[in-house]
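Notes for the one structure printed next.
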Amino acid sequence: MNDVLINKTTSYFQNAFGSSPEKVVLSPGRINIIGEHIDYNDGYVLPAAIDKIICFAFKKNNSNSSRIIAIDFDDEFEIDLTEIPQLEEKVWTNYLRGVINQLKINGFEFKGFDCVFSSNIPIGSGLSSSAALECGFLFGINELFNLNIKPIDIALMGQKSEHWVGINCGIMDQFSSVMGVENKVIKIDCKTLEYEYHEADFSDYSLILFDSNVTHSLFTSAYNKRREECETGLTIIKNHFAEVNSYRDCTVSQVLSLKNEMSEDVFKRSHFVVNEISRVTQACEALDNGNIKLLGQLMLETHEGLSSEYEVSCAELDFLVNTLKTEKAVVGSRLMGGGFGGCTINLIQKGHEEEIKDKLSQLYFEEFGIELKIYDVKIGNGTSLYTKN
Ligand code: ADP
Ligand code: MG
């Protein structure tokens with residue numbers, strides 16, 4: 001599938017600029033196996049890069065400007081590289097202007113180049129096409145002009161580019177897009193950026209994403225409220241247990257012992273956070289032991305917590321998970337990402353994928369009148385140069 005994309009992108013480049021590209025870069029989207037809403041609560045996340053990518057073709061053009069073509073949008077822009085970029089009206093160009101802005105304000109020197117790109121990462125479904133865009137573009141410029149930017153700094157500058165666009169994201173998306181390794185998940189401490197890889201051999205199971213195809217606008221207000229509630233919860237816990245500095249140091253029984261000291265909502269949020277932090281550790285152990293059934297069980301518990309305690313699910317996502325959790329062939333299912341829409345991530349026994357897909361699509365349409373979108377994913381490598389072999 002990616003071969004088709006690579007051919008399309010490089011031939012487009014050839015037609016547009018009359019020569020073959022110098023560098024071809026592949027930059028992936030990402031999934032998160034477990035560890036939701038705890039990146040800002042001192043927890044860990046467990047993401048991985050996937051085999052859905054943006055392909056970029058680059059070549060230096062010996063001028064001081066760049067022409068950049070987005071094949072999927074049938075659109076392009078030109079940018080003068082002697083100036084510091086400003087935000088423009090066309091949103092997609094800002095992710096790339098943001099990268100150039102980062103390079104400029106950090107004093108990197110580079111000249112003009114041409115670029116064509118195209119993608120098979122679904123846009124706006126929570127697979128982080130935006131991180132793939134920033135990181136792949138930056139990776140390509142780094143290769144083209146030998147800027148010697150380290151992978152971790154590509155991720156950090158990618159994140160800053162997204163902040164520049166106006167989206168206050170954490171580091172998980174860019175980190176996974178850049179640092180991903182085939183068949184491994186990355187346990188990331190979002191606070192210190194320490195990370196470790198764990199083997200992710202799903203053996204008899206396939207990873208499938210079901211896209212609810214809805215986005216509810218509740219997200220931003222709920223997100224801010226959850227952050228406040230978690231801070232309130234942590235203050236109460238710290239007041240009672242001097243040894244606790246963050247949710248990471250806190251046990252479930254400590255939270256339970258403070259139930260009467262907290263409002264119902266603050267208790268539920270804190271209880272979820274402490275359990276979710278522990279589930280990430282358990283998930284790593286399950287993967288290390290090849291115990292995929294246990295991993296799936298933890299994913300189901302995460303969904304239950306996100307739905308009833310953290311309260312960031314919605315009717316569509318609950319329907320997708322609740323319909324599948326009674327299926328024998330489905331070992332794990334949960335909403336992935338911030339909630340209120342987007343995808344569920346599922347572990348489904350090989351050989352049963354098609355029957356489950358058909359059944360769920362039909363039931364989902366009957367219930368909500370919405371087409372279910374489906375993505376088969378595998379864990380792939382992080383941003384890299386493509387070399388023909
Ligand atoms: P996601 O969850 O996919 O990251 P975002 O809303 O964060 O969703 O980012 C999507 C934005 O990234 C798009 O609106 C567009 O501006 C840019 N983008 C992603 N993929 C492409 C593409 N193939 N071509 C042009 N722009 C893209
Ligand atoms: Mg994004």
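- Shown here for Pro28 and Ser177, the closest heavy-atom pair between the two residues is O-OG, 2.7 Å.
- Side-chain polar atoms of Asn275 and Ser278 form no donor-acceptor pair below 3.5 angstrom.
- Side-chain contact annotation: Asn64 with Thr82, donor-acceptor N/O pair under 3.5 Å absent.
- Nearest approach of Tyr375 to Cys343, heavy atoms of both residues: CE1-SG, 4.0 Å.
- Side-chain polar atoms of Ser65 and Asp80 form no donor-acceptor pair below 3.5 angstrom.
- Using a cutoff of 4.0 Å between basic side-chain nitrogens and carboxylate oxygens, Asp189 and Arg248 are scored as salt-bridged.
- In summary, Asp153 and Lys160 do not engage in a salt bridge, as defined by a charged side-chain N under 4.0 Å from a carboxylate O.
- With no hydrogens or angles considered, a side-chain donor-acceptor pair links Asn61 and Ser63 at under 3.5 Å.
- For Lys325 and Asn322, the side-chain atoms include at least one donor-acceptor pair closer than 3.5 Å.
- Of all heavy-atom pairs spanning Leu300 and Ser333, the tightest one is CD2-O, 3.5 Å.
- A side-chain donor-acceptor contact under 3.5 Å links Thr302 and Glu276.
- By the 4.0 Å N-to-carboxylate-O rule, Glu229 lies close enough to Arg269 to be salt-bridged with it.
- Aromatic pair Tyr223/Phe340: centroids not less than 6.0 angstrom apart.
- Ion pairing between a basic and an acidic side chain is recognised when a charged N comes within 4.0 Å of a carboxylate O; Arg334 and Glu36 show such pairing.
- Between Trp164 and Tyr95, a ring centre-to-centre spacing not shorter than 6.0 Å is recorded.
- Looking at Tyr386 and Thr10, their side chains never bring a donor and an acceptor atom within 3.5 Å of each other.
- Smallest separation of non-hydrogen atoms from Glu143 and Leu385: OE1-CD1, 3.5 Å.
- Pairing each heavy atom of Cys230 with each of Asn41, the nearest pair is CB-OD1, 3.3 Å.
- Looking only at atom types and distance, the side chain of Glu301 has no donor-acceptor partner in the side chain of His303 under 3.5 Å away.
- The residue from Gln102, Gln159, Gln174 that alone fulfils the side-chain hydrogen bond (donor to acceptor under 3.5 Å, both in side chains) condition with Glu134 is Gln174.
- In this structure, a donor-acceptor pair under 3.5 Å is present between the side chains of Gln254 and Glu243.
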